[in-house]
Amino acid sequence: MAVVAENFIEQIINQELESGKVSSVQTRFPPEPNGYLHIGHAKSLCINFGIKEKYQGKCNLFFDDTNPSKEKTEFVDAIKKDIEWLGFKWDKQTFASDYFEDIYNFAIELIKMDKAFVCDLSAEEISKNRGTLTEKGKESPYRNRSIEENLKLFTEMREGKYADGEKCLRAKIDMASPNINMRDPVIYRILRQTHHRTGDKWCIYPMYDYAHPICDYMQGVTHSICTLEFEDHRPLYDWVGITLGFVNKPRQIEFARLNVTNLVMSKRYLKKLVEEGAVDGWDDPRMPTLAGIRNRGIPAEALKDFCGRIGVAKANSEVQISYLDAVTREYLNLHAERVMGVLKPLKVTITNYEGEEKLKFDVNPNLEGVQREIDFSKEIYIDRDDFSLNPPPKYFRLKKDGYVRLKNAYIIKCDEVIENEKGEVVELKCTYFPNSKSGSDTSGIKVKGVIQWVNAKTAVPIEARKYEYLLKDEEYAGQDFSERMNYDSVHKFNALVEPYILENEDKSFQVLRTGYFKVLQTKDGKVLSEIVALKDNFNK
RNA sequence: AGGGGUAUCGCCAAGCGGUAAGGCACCAGAUUUUGAUUCUGGCAUUCGUUGGUUCAAAUCCAGCUACCCCUGCCA
């Protein structure tokens, strides 16, 4: 894990701790349960839980469920699973809906202070009266209703006397404000939607801008961390807290959201891909969701390390996807078990070898002395790409009359190439050198190439799939991805792998030279996903 | 004359008045039974730009410029 400099949020907290403005720190991770978490959320998770850990504070998991038309229990379960996968432990699990009654009572307070009013304007009229970026807005004709009338009307709104959209509650701030969010924003709307937790108890729901500062405050949040687009909302966030007289009002701090080159990140779009069946679900390895990343075989530790290394700042930036690969590679190199597998099997018969033997194989060269056994015999398979009939210069692997080392086994020489009627290579006849065994090589033969192999008898056939990330590029931007997704984002191989890999599902294995493997359980059986994230220089 | 932000190497990113950290990528070399790993060396006389203050500026001031966000009864 790389050591990362203190980010600007931590600097702010340090100052507040020093000055005594706060004595302890509490954050919250506030997803709306309307979809799965993606890699961008991982950054927020790492920031919020990172602060909890660093300052021995608290961090709640707070579901922002103020809009019942989009939210589902399915999503809250998925979100929790993803956070658990990352290894973060929240202090309390809370919902905005836990506070609906308080939020309502605070609205009554606001009305009593003459800081909120019931407005009869339609959504379109409100929009029209809001003014534009350069022109100030017009005050609602209902703005000066009496407190008594507002109280009565708002109570009736809750009781269901009015139709959806017929009335709303607005904060009374300033229609001339240059900040559009302050132009008497709507804080309650009438919405007859069954809420995933409160059912039909309510027909009015608070808006995010109004509910969030209250929920933060009620939970004891000291630092409410969100993304840059909420900077313009901070005055409103503060207005709510100040007007309601919150003591030690939480402070909202904004940071730049994570962008990754060419990665499709909008929840709207990801949802569409799932609904159209362009991918196998939210957890498809091609998805940038945490579930997808998990299935891809990227360890949680690697993802967290990535989040730490990209830093936290306010400048809009775009991180290269290859950086995630690099961090994954680094983690896997240190921790992953090694396993051999061939994507495109090519039979090799070792004509002068008889019998069978067990060979030692390093589980991971970084874990000294930890070995397991692999079977060797006269019939093996190598990868078709490790043999070339017309080798380019500096080709280190097997060629006709050439030598190569079978990883952890013997040096072999290719004597004969067997082709079928179509001229395709179907088998190689080789001889091995008994005194060239790994670890006790006295043959004196120098080979530059080392290739992986699997034993014909023990290897298991499996469908290997190579998943590409869902990428957006100019050519496809804004278009319908689904066709392309199925076309070129998954590559399938009838591969052979060591049986060992199947006994260790849910682990990621580094595969020699080609990348890393992870076994996925799918409807039609086991599938090995192969994602290339290792360095692959030999094609240069 | 709308408001709010941001500008430091190809990509992230430290720096907070004392003379440009680090990571990824890249280049060169060494070791290597993964063409991986590891190792060693290289990689911004310059911080969007123009002026100003200062003995000294990426850091302070002023003016430009570029990019991002804001006109949901979404979050």
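Naming convention: chains lettered A, B, ... in sequence-line order (proteins, then strands); numbering from 1 in each chain. For the numbers below, each heavy atom of this structure counts, side chains included, while hydrogens, waters and symmetry mates do not.
We find that CG of Asn333(A) is positioned 13 Å from C1' of U32(B), with the value rounded to whole Å. Separating the NE2 atom of His233(A) from the P atom of C74(B) is a distance of 13 Å, rounded to the nearest angstrom. Summarising the geometry, the separation between CZ on Arg309(A) and C1' on A25(B) is reported as 13 Å, rounded to the nearest angstrom. Atom CG in Leu228(A) sits about 10 Å away from atom P in C69(B), given to the nearest Å. Between the CD atom of Gln320(A) and the P atom of C9(B) there is a distance of 13 Å, rounded to whole Å.
In this entry U40(B) has A28(B) as its Watson-Crick or G-U wobble partner, both defining distances falling under 3.5 Å. With a cut-off of 3.5 Å on both Watson-Crick or G-U wobble distances, the partner of U49(B) is given as G63(B).
Rounded to whole Å, the C1' atom of A57(B) lies 11 Å from the corresponding atom of C47(B). Here the separation of U54(B) from C61(B), taken at their C1' atoms, is 12 Å to the nearest Å. For the P atoms, the distance from G72(B) to C16(B) is 43 Å, rounded to whole Å. Comparing A44(B) with U6(B), their P atoms sit 28 Å apart, to the nearest whole Å. Taking the C1' atom of each, C9(B) and G22(B) are spaced 13 Å apart, rounded to whole Å. For the P atoms, the distance from U53(B) to U59(B) is 15 Å, rounded to whole Å. Across U49(B) and A7(B), the matching C1' atoms stand 11 Å from one another, rounded to whole Å. Comparing G51(B) with A20(B), their C1' atoms are spaced 23 Å from each other, to the whole Å.
Within the nucleic acid shown, Leu332(A) has no heavy atom closer than 4.0 Å to any nucleic acid atom. Ala326(A) comes within contact range of the sugar-phosphate backbone alone, with a heavy-atom separation under 4.0 Å but no base atom that close. If you check every strand for non-hydrogen atoms under 4.0 Å, Met207(A) touches sugar and phosphate atoms only. Gly439(A) comes within contact range of at least one nucleobase, with a heavy-atom separation under 4.0 Å. Asn408(A) comes within 4.0 angstrom of a base, heavy atoms only. No engagement by Glu254(A) is indicated, since no non-hydrogen atom pair under 4.0 Å with the nucleic acid exists. At the heavy-atom level, Leu133(A) lies under 4.0 Å from base atoms of the strands shown. Using a 4.0 Å heavy-atom criterion, one finds that Val312(A) contacts the sugar-phosphate atoms exclusively. Within 4.0 Å of Arg170(A), counting heavy atoms only, lies no atom of the nucleic acid at all. The residue Arg405(A) sits close to a base: some heavy atom pair falls under 4.0 Å. Using a 4.0 Å heavy-atom distance criterion, Lys136(A) is classed as making no nucleic acid contact. The residue Phe230(A) sits close to a base: some heavy atom pair falls under 4.0 Å. Residue contacts shown for Asp232(A) include a base, since a base heavy atom lies under 4.0 Å away.
For Ser127(A) and G72(B), the shortest distance from a side-chain N or O to OP1 or OP2 is below 4.0 Å. For the pair Ser122(A) and C73(B), the criterion of a side-chain N or O lying under 4.0 Å from OP1 or OP2 is not met.
Counting atom types as modelled, Glu318(A) pairs no side-chain N or O with a base atom of C12(B) as donor and acceptor under 3.5 Å.
In this structure the side chain of Lys54(A) reaches within 4.5 angstrom of the side chain of Glu6(A), judged on heavy atoms.
Annotation for Lys271(A): atom NZ counts as buried by contact number, over 12 foreign heavy atoms lying within 6.0 Å.
Ring-plane geometry between Trp282(A) and Phe75(A) is classed as perpendicular, the angle between the planes exceeding 60 degrees on a 0 to 90 degree scale with a lower cut at 30.
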(Q) One pair to check against ring pair (Phe, Tyr, Trp, His ring centres under 6.0 Å): Tyr208(A) and His212(A). What are the steps and the verdict? (A) CA-CA 6 Å; Tyr208(A) 164 87; His212(A) 208 81; 4.8 Å; yes
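Comparing Thr134(A) and Thr261(A) against RNA chain B, the residue whose closest nucleotide sits nearer the 5' end is Thr134(A).
Between the Ser19(A) side chain and the Gln15(A) main chain, a donor and an acceptor come within less than 3.5 Å of each other. Checked by atom type and distance alone, the side chain of Arg183(A) pairs as donor or acceptor with a backbone atom of Arg130(A) at under 3.5 Å.
Remark: Arg372(A) is positioned above the aromatic ring of Tyr500(A), its terminal NZ or CZ atom under 6.0 angstrom from the ring centre and at most 45 degrees off the axis.
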